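This report refers to the structure that appears directly beneath it.
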There are 2 protein chains.
Amino acid sequence: MASADLREKIKEVAVKHFNKNGFYGTTIRNIANDVNCSLPMIYYYYKNKKELFDEIIKKEFFNIIKKQVSSLTMENVIDFYTKFIYDLNNLSDYDKQVYRLGIKVYMSFDGDEELKNLMDEWEKTILPRHYQILKPYLKNIDNEVAVVRTLVHLLETMIENIVVKNRFLPENEIREEIEIVLRGCQ
Amino acid sequence: MASADLREKIKEVAVKHFNKNGFYGTTIRNIANDVNCSLPMIYYYYKNKKELFDEIIKKEFFNIIKKQVSSLTMENVIDFYTKFIYDLNNLSDYDKQVYRLGIKVYMSFDGDEELKNLMDEWEKTILPRHYQILKPYLKNIDNEVAVVRTLVHLLETMIENIVVKNRFLPENEIREEIEIVLRGCQ
DNA sequence: CTCTATATCTAACGTTCGTTAGTATTTTAT
DNA sequence: ATAAAATACTAACGAACGTTAGATATAGAG
């Protein structure tokens, strides 16, 4: 097997194991078994178990998040947010599992303090970003901040449904819920 | 120490450990250390680690949930749901941690298949129950089901904020968000 | 006071874990 | 073709784990 491929395959399998059994429930031996390589090969490519876990969150998870953020606003906010959520349905299995593991860490259900701090930093940027996106459409609304907060809360549950509970969310249901919160805008 | 007390204390400490480190990251030795008893005492009161974990979910968690469900509807839905969520802030530390562990299992971030099935059964009852509560107030609304679904989604995020992320949610913020979703009712 | 049941302990068993030392194989560069 | 570097393996170490055997202490009943 070509070297870079094996390194990626290890990470891919590790994501599944960390998701299913958590950091402590995952063993290097089980990963090596599923990858069909010997146990020390994991240590050839990763310093130790923690570094493997860290790389998944720090590189893979935040890559997905950054990709998502760079998706551009459309002329219609409701269309934009509907697409924003609906597109999660079509994430690759690997991306979905990485996302799921990220949420697990985000809720401090797994991972260490350092990763949790990264997540807290990330979380702080969420509300302001959506406030910027929504601002132009919130002219004739009195409780601007509450609407943004409510929408972000709603988005969070929908993301969890798709990514954590692995459910398909139909576009019309997503749109309905977003419309209920943003009804009265523009 | 009186016998029944020790049994409860073990469970109390176990909840903290399972929350912080997950099922596999929790060791009977660490629990015994924190409880200040010898290791085999855990096995005197619980068959094994799994039974200890199971009892927390099956008895403690579902007790909290059942208590919550039995809270009676008030004349005003918005008051009712605001109180429903706000009261979570005042849960005891122990109850909050038990609730948190339950959510962890609910999202299948921990626990085994059997517990996950219990959670799935529970989940099926959520939407219908809230539909019953809201029905009288949804007369002049066309998309009844979507409103109920959106509200339940919103409640879920707020519960997670209080119980999982351990944040205090002020009553006015809770009310604002519920009002946004239920605006136009009654 | 003694017997018995309950509550608690020390010590250990066998297993599995993360990790590494040491060695062999394959690829690449010259 | 051969030396060097990269990739892979077998085997093992020491530590920690879940669990239990067996002994000891405590308390209530007669």
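Every value quoted in this text rests on a predicted model; they were computed, and no experiment measured them. Within every chain, numbering begins at 1; the chains are lettered A, B, ... in the order of the sequence lines, protein sequences first and strands thereafter.
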* Between B/Glu171 and B/Arg175, is there a salt bridge with N-O shorter than 4.0 Å? -> yes
* To do: Find the distance between CG (A/Asn48) and OH (A/Tyr43) and round it off to the nearest 0.5 Å.
  => 7.0 Å
* Please check the phosphate of C/dT8 (OP1 and OP2 only) for any side-chain N or O of B/Tyr44 closer than 4.0 Å. => no
* According to a strict under-4.0 Å criterion, is B/Tyr45 in side-chain N/O contact with OP1 or OP2 of C/dT8? -> yes
* If we only count heavy atoms from C-beta on, is the A/His17 to A/Phe23 side-chain gap below 4.5 Å? -> no
Please give, in whole Å, the distance from [N] [atom2] to [X] [atom1]?
{"X": "B/Lys50", "N": "D/dC17", "atom1": "NZ", "atom2": "P", "value": "21 Å"}
{"X": "B/Lys9", "N": "C/dT8", "atom1": "NZ", "atom2": "P", "value": "12 Å"}
{"X": "A/Leu6", "N": "C/dT27", "atom1": "CG", "atom2": "P", "value": "14 Å"}
{"X": "A/Asn21", "N": "C/dC17", "atom1": "CG", "atom2": "P", "value": "11 Å"}
{"X": "A/Met41", "N": "C/dT19", "atom1": "CE", "atom2": "C1'", "value": "15 Å"}
{"X": "B/Leu39", "N": "C/dA11", "atom1": "CG", "atom2": "P", "value": "13 Å"}
{"X": "B/Tyr24", "N": "C/dT16", "atom1": "OH", "atom2": "P", "value": "13 Å"}
{"X": "B/Tyr43", "N": "D/dT19", "atom1": "OH", "atom2": "C1'", "value": "5 Å"}

* Closest to side chain of B/Pro40, choosing from C/dT10, D/dG18, C/dT8 -> C/dT10
* Structure fact -> Quick note, A/Thr27 side chain, CB onward, closest among D/dC9, D/dT19, C/dC17 is C/dC17
* **Minimum heavy-atom distance A/Asn19-A/Lys104, with the two atoms named** => O-NZ, 3.2 Å
